[in-house]
Structures are given as C-alpha cells and as structure tokens.
Amino acid sequence: MMARITASVYTSHVPAIGAAIDLGKTAEPYWQPVFAGYEKSKQWMRDNTPDVIFLVYNDHATAFSLEMIPTFAIGCAAEFQPADEGWGPRPVPKVIGHPELASHIAQSVIQDDFDLTIVNKMDVDHGLTVPLSLMCGQPAAWPCPVIPFAVNVVQYPVPSGRRCFMLGQAIRKAIASFDAPLKVQIWGTGGMSHQLQGPRAGLINQEFDNAFLDQLIADPAALSNKPHIDYVREAGSEGIELVMWLIARGAMADVNGAGAKPTVRHRFYHVPASNTAVGHLILENN
Amino acid sequence: MMARITASVYTSHVPAIGAAIDLGKTAEPYWQPVFAGYEKSKQWMRDNTPDVIFLVYNDHATAFSLEMIPTFAIGCAAEFQPADEGWGPRPVPKVIGHPELASHIAQSVIQDDFDLTIVNKMDVDHGLTVPLSLMCGQPAAWPCPVIPFAVNVVQYPVPSGRRCFMLGQAIRKAIASFDAPLKVQIWGTGGMSHQLQGPRAGLINQEFDNAFLDQLIADPAALSNKPHIDYVREAGSEGIELVMWLIARGAMADVNGAGAKPTVRHRFYHVPASNTAVGHLILENN
Amino acid sequence: MNMALDKPYKDVPGTTIFDAEQSRKGYWLNQFCMSLMKAENRARFKADERAYLDEWPMTEEQKQAVLARDLNRCIALGGNIYFLAKIGATDGKSFQQMAGSMTGMTEEEYRNMMIHGGRSPDGNRYTREWEDR
Amino acid sequence: MNMALDKPYKDVPGTTIFDAEQSRKGYWLNQFCMSLMKAENRARFKADERAYLDEWPMTEEQKQAVLARDLNRCIALGGNIYFLAKIGATDGKSFQQMAGSMTGMTEEEYRNMMIHGGRSPDGNRYTREWEDR
Ligand SMILES: [Fe+3]
Ligand SMILES: [Fe+3]
C-alpha cells in the first residue's frame, strides 16, 4: 500500500501566539478566544494523528539570510532545532524529520519541473512551530515526524498562487508513489490579512479573508489565479503568505480528479492576534 | 534600447585545463592541441567583447555542500572570489558581477515559474573560471562583468534537458526586457563525455559528443528531450553536465521566433583533457 | 538603469515591497540585523551600538536610522521588517510595538485599533486615496 | 521503505549515481570531505587522520575506506566524487590519478587509455555486458 494524503490543515502562524503559549497566557481575555478556536482541532489531531506532516511555511529571516534565498526549500534532515529568532529558542520539542519520504518527494517534484532547493541542515522558526503548538498543544514530543517545506514570501518576487497550487498537485503525486502505507497530512500556514510595516501597518480585511476561505474550499483553482497585487493591496504586505495555503489545497483529492470535495471538519476566524487576523481550516479528503 | 543576447558560447570546464594554464604548461605536447583550439576564440572575444556574460555552470561541491543544494542559483552579488577547491584558489582575477541585471533576470524568470535560489554570497570554482581563462587568457581583470548561474548536476535528480531549454527561453525574455543597451553573451559550460568515478571511469564517447554538437546547432528543441539516462549511459556519469548547454542554446534567437539559425563562428573537439572530452562552440545570433 | 518589469505595488500607500532593488540597497543593513540572532552579538551591540554598527559596511544614513530606531527610515533604506525585527527583539520589543511605531500612533492607540478589528482597507488601497486627504 | 520512482541508472555498469538515497547514506562522509577545503583542516587531518575522522559522525566502514583511500568503497558508502576529490587534493593527487585509482588499472595504463581516446562505450553500457565477461 502506498502513502496517501488524508487531510489538509490551514492556519495563521503569528509569533505572539507562540509567546502566549510559552508564557502561559492562553487563558487571558485577549488570548482566550484565539485558543478556544483550536480546542476542536487539538481533539481532531488526537483522533486523527497522521504518520507524517508535510508542513508548508515560510522562514522569517531565520534560517535564510540574504546570502541565499530559495524559492522552495524542502527539509530532508533527520531533525530540525527550534530557532533562536532573537528572543531565545521557543521551549518546544525538536522536530523529527522524515528523510526517506522527503527525499522521495524532492526527487519526484524536481522531475516534474519544480526547481527545489534540498536542505539538510536548518533551524525552524515560529512559522513552523506555532502551527504545531496550536494543533498539538504542549507535548513532550511532537506526535509524528514533520517535513518542513519553506517558501520564499519575504523577498519579491514570491512564487505565484498558480505555481503554488500546481506544486501542491505535484506533491500529491509524489506522496502517492511512496511505497509505504503512511497517512500524510499537508499543512499550509501563514496569513491571514496583516501588514507589519510602514504607515499602513495594522491593516486587516475581514471581508477578503472570509472570501478567501470560502473560495479556498469551493474553487481553489480559480483562487490560485489571484495576482500578488490583490493580496498586497487587500490583505496587507504580509497577507501574501496566503499563497502557501494553495500548496496544501492543491494536494487534495478533488482538484486531482481523485475524489469529491473535501469535508470541512473545522473553520475558525478571529481578529486580532497581535497585528494579524487568525484563520484556520481543517479539510478531510473524500 | 534594451539589452540583447548577441552570441552563445559552449565549452568544457575541466579543472586540469585551469591547472595547465596556471602552471604555464599550455605549450606542452599534451596540452598544446587543447589550447590551439581556443586561439580563434580568444581573438573572437577581443573582437566581440560583450558588456555582460551570463555564465551557466555547475558548482563542484565548492560553494554548495550537502547542507543546501539549489537546483538553479543565480549570483546577484557585486563580486565573487575564485574558490579554494583544495589546491588553493586559482590565481585569476576576481569576478565582477552585475547585480542590477542579475536581479532583473531573477525577478522575471521567477514570475515565469522558474523557482530560482537567489545567491548574494558565493565563491566560484573551476566550473566558472576555467571557461573564462579559455576564452580570455590571463588578463589582469576579466573583460566584463559576469553573472554566475549555478545548476545542480551533482545530486540526482538534476533538472531535465527540457527544463533547461525552457529556462534559457525565459532568460532571453528577461534580458530583452532590461532597459539598458547591453550586449550579453550566454555561456553554457561542462561536459562533454566523461566519467570520473567507479570502474567505468575514463569513458569517452566521441560519436555521442559530435552528434550532440550537431543537434545542438541544428535542432536543440528535439535534443532537449533526451532523457538523463542517455547521458549517463552514453556520455558517462559526469556527461550529464551537458544539460547546461541547453540553457544557453534556449536563449538564442532562432528558437524564440526572433531570428534565423545562428552562425557557427567556431567549433572544436578534442580528446582528452585529463579524464574528459573537450567540446567547444561559438554561435552568433542572426 | 531602469527595470522594465511591472511594479504594480508602487501605488499601495504606506507600504514598501521588499523586492530585488530594495534587497540590494539594504543588503548590509539586513545582514547586520541577522547578526543579532546570536546572544553574544546582541550583548556587544548593546554595549556600544555605534562601534558595533561601524563593523558593517552600511551607509551612514542606515546607521543613523538604526540608532534612532526609525523603522520607516530603515525600510526606506532597504531594510525588511523580518530582519529589522531582530533589533526590536534585542530591545525587548514585541512585533506589535514595532509595527505600531511606524504608524504615527501611540502604542495604546495602535493596540486599541487592532482590538477593534484593525485598520480598514477602505481608503487605504491606493496612494491617491492618501494624497487626497 | 522502498521508493517507487524509476531508477533506470541502476543497470549502468561500474557507475553509482549520487541520488537522494546515496546522499543520505554519505552525508557525513561528504561533509567531512568538504571540511578539507580549509588549509587548517587539511593540516589537522594530515597530522592525525584517525583522530580527525573520529570528530565526525561517520560509520567505521566509511572511516576505514577513507584511511585506505579506497574510493570505490567510499562511493559505495555514499561518497560523491566531487566531495572525495578534496581528499585527493589533500594528498596532492590530480583528478586523473583519483579517477584511475578506481578502475583497477595502473596510473600509466589509465593515462595511456585516455590519450588513446578513453574507454569505449562499446561493451560498457549495460551491467549485463559486464556480467557476460
Ligand atoms: Fe509569517
Ligand atoms: Fe564540471
């Protein structure tokens, strides 16, 4: 039996959420509504623990300086340490990788004309660890191996939504050709609307965000044609992170002629967490 | 007036050729026939000095260890130092980059769905400096700025010939949209047939090499469909470097509906240089 | 030399897109920021900011902008917020404090704006909307 | 766990393709080789090869293969020739000496073969051609 994608998870990855968890502030009035939105998700993770998580995120000037900026980088190492982003490393478990599956995916998608960078040494920042904390709480070890997949959304040009969606399709094909009966979840993280810089900092667009969630569920192929400028103008300069959700969505059965529309197991939206709108979806394959 | 590609140059980049130049052995009977083949090329370079060379090559475990392996990496720095590959750095001039044009090309081809890695700090090895020595001799400074473009041909899967050819087309488009009247040459380096490893080391296939040169001139689009295994089986495990020549060829006018077949200004072939067959072409756009 | 590529993001107000041009301009400013990810470098920077900055081939303008903690100026000079955040981390500032400092609002005003749903996109989409004010 | 991807290059005789699987196997062997690009490390390695190797999380087999300068064995254990070449550089060997050492020929035999046009592809394309010998 071959590996298969069982579900996709989408979530913002705000650093302040990580700080709130690490400092025990999750019950405070400011934070309580955010974490309440993930209670159901944690139960779902316990009930549906995968064998591997393929976790799409972006590095925030942590592992990658300006010396080298890969558009797409796949982590093929045996483990990845939580990074010191300037406040000291987060007190979370180290991330155990899945070198065999990661290398297999790299091999397959490079042959499908995606020009990945293979990474065998990398610390992982809040972009990867905050989603794990939101979905898994504070365990002594993460529940399964994780393949980090870093997308450049820091220096323009970032990859187009369309390119991301097609990459998701290629990743699905790669996973389906791995000869081991693994249940794999694919996670897309970052967003939703936010802008961290300049006089326009603090921009939030609830209408855009909810329309994005609707269309991500119903018609992601059309959504993938949204140009960068629409994200920047409508969802803030850092809202561009949402293109990463299209990688996860492109890996689902329905957009690969392999199944019906996914079941929306959970949907959550809240403003604000620090500077950012928090959005979250769990989609199960059918 | 916009930038434009005037010609493409193809050449092997054997390290022993660099050593022969650096140690003053070019007149020795073993080396004389190799360097004789580049006399005409040096004159041509003097007569046709470009404003910029876009130099496609591969790093040989020099700038890139196994920590990070980019499929395609474009050098956007202001300068690049000749690397110490274990024998000490070659005594050649430092390489001056062209950050504006390099960044412009990066921006354009990433938007055309090539997932480049942008590199702002990198030493360059014999893959880049030996072609410069062959074409320019031993000047105190290289005749013009050079944009290094490194292709992974060390760890499989390397990019397909087709992908390389299409990348060349995208690079042409990018250069043609740069708003300065620059004459740009594009060089493809590496190859020809050679195998540096294992009991089959020393493989040379003159028939394959000459057929490759013929087809590169006459029908590169068809040549680009040659699968990896044909290179490995017929031209040796390191013969795979030849896919890089397709990037340079893909940038020529005739395969972009912008001109007639190129003029073959020079063609040269010789066996051996150390373990390798030496091939060389100069094609001028029409 | 001009680039002929489209930069449609030039007409978004109060926003600087970190593209190749900005990245070139801000290379050493941002690399200086990266160095603050090491505790040892943070300590050296805090002990003598000017001396630490002088170890980097940054422009005098960039150094002054860092010393003044003028993040808008840093961004105009090629800085990117994810790099600049390392300065904030060194100062013990949160991302919200940093973002707020660029808006002309007090910390409390900015925090309250966020609690009440953030800055509306209405009137904030095009530079001409700001010029009309 | 098996990979279902095609590996058509498995039937080329006397040839090991450095793919993801080999790269994983040889990671530390190759990273050790990379360290020899620094003059200081070359000197330390030469002074006490075993002690230097013991600083790396390589397998005992890999260390023995390096000590014996058995490049074919190094390749079987995940080494790649461009990395292994740093050992040759440290020893003052040329690429031709290194390549020749893997063929079972003497240095002179190999050099002569190259001068006379190299190894012919005929009879060297498929593993079955070597097995028939
Ligand atoms: Fe983020
Ligand atoms: Fe080479």
Side-chain angles (χ1 to χ4, degrees), chain B residues 14-16 19 30 58-67 69 83-89 123 125-127 153-158 193-208 227-240 271-277, chain D residues 5-9 11-20 22-23 26-28 30-31 33-34 36-39 42 71-72 75 79-90 92 94-96 98-105 110 113-121 124-126 130:
Chain B
V14 186
Y30 183 92
N58 68 292
D59 181 78
H60 302 78
T62 304
F64 306 131
S65 73
L66 292 183
E67 283 188 12
I69 307 163
D84 180 353
E85 299 178 55
W87 291 267
D123 288 349
D125 74 9
H126 71 269
V153 291
V154 172
Q155 180 175 320
Y156 275 66
V158 313
S193 59
H194 65 305
Q195 174 152 342
L196 301 177
Q197 51 119 349
R200 203 175 73 136
L203 188 101
I204 297 284
N205 190 335
Q206 305 204 16
E207 204 178 316
F208 176 95
H228 286 156
I229 182 64
D230 289 12
Y231 290 93
V232 173
R233 199 184 305 286
E234 296 293 331
S237 48
E238 280 63 56
I240 192 71
V271 174
S274 182
N275 305 286
T276 306
Chain D
L5 294 178
D6 261 4
K7 293 197 176 184
Y9 43 79
D11 75 342
V12 180
T15 303
T16 305
I17 292 300
F18 187 67
D19 60 12
Q22 287 299 108
S23 178
Y27 185 74
W28 287 114
N30 290 315
Q31 293 297 82
C33 292
M34 277 307 272
L36 298 178
M37 288 180 67
K38 291 209 176 102
R42 291 195 286 270
L71 295 185
N72 279 325
I75 286 174
N80 168 276
I81 187 59
Y82 291 122
F83 290 84
L84 297 171
K86 319 298 180 198
I87 304 174
T90 303
S94 72
F95 244 111
Q96 188 170 69
M98 285 185 267
S101 81
M102 289 178 267
T103 60
M105 303 167 89
Y110 183 82
M113 175 180 78
M114 293 316 300
I115 288 174
H116 292 95
R119 185 185 307 280
S120 168
N124 294 313
R125 289 185 172 92
Y126 293 91
W130 282 26

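In what follows, every heavy atom counts, from backbone to side chain, and hydrogens, waters and symmetry copies are set aside. Each chain gets a letter, A, B and so on, in the order its sequence line appears, and its residues count up from 1.
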Side chain from CB out, backbone as N, CA, C, O: work out which of these in D/Met114 comes under 4.5 Å of a heavy atom of chain B, or both, or neither.
both

Which residue out of B/Val14, B/Asp84, B/Val158 racks up the most heavy-atom pairs below 4.5 Å with chain D?
B/Asp84

Indicate yes or no: at least one non-hydrogen side-chain atom of B/Val154 is less than 4.5 angstrom from one of B/Ile69.
no

B/Ser193 versus chain D, heavy atoms under 4.5 Å apart: side chain, backbone, both or neither?
neither

Picking from B/Gly202, B/Pro272, B/Gly88, which has the most non-hydrogen pairs under 4.5 angstrom with chain D?
B/Gly202

Contact part of D/Ile115 toward chain B, heavy-atom cut-off under 4.5 Å: side chain, backbone, both or neither?
both

Tell me, for B/Leu203 versus chain D, whether the close heavy atoms (under 4.5 Å) come from the side chain, the backbone, both or neither.
both

Residue part contacting chain D, namely of B/Phe64, when any heavy atom lies under 4.5 Å
backbone

Contact class of D/Met113 relative to chain B, heavy atoms under 4.5 angstrom:
side chain

Min side-chain heavy-atom separation B/Ser65-D/Asn30 under 4.5 Å
no

By side chain to side chain contact (heavy atoms under 4.5 Å, CB included) - contacts of D/Thr103 (at least two apart)
B/Ala201, D/Met105, D/Tyr110, D/Arg119

Could you tell me whether the side chains of B/His60 and B/Glu85 share a donor-acceptor contact shorter than 3.5 Å?
no

Per-residue contact mode, B/Gln197 against chain D (heavy atom under 4.5 angstrom)
both

Which bit of D/Arg42 comes within less than 4.5 Å of chain B, counting heavy atoms only: side chain, backbone, both or neither?
side chain

If you measure from CD on D/Gln96 to CG on B/Asn275, what distance do you get to the nearest 0.5 Å?
5.5 Å

Residues D/Arg125, D/Asp11: salt bridge by 4.0 Å N-O rule:
no

For D/Ser120, is it the side chain, the backbone, both, or neither that has a heavy atom closer than 4.5 Å to a heavy atom of chain B?
backbone

Partners passing side chain to side chain contact (heavy atoms under 4.5 Å, CB included) against B/Glu207 (at least two apart in sequence or in another chain)
B/Asn205

With only heavy atoms counted, which part of B/Tyr30 is less than 4.5 Å from chain D, the side chain, the backbone, both or neither?
side chain

Top residue by heavy-atom pair count (under 4.5 Å) with chain D, among B/Pro199, B/Ala83, B/Pro157, B/Ala19?
B/Pro199

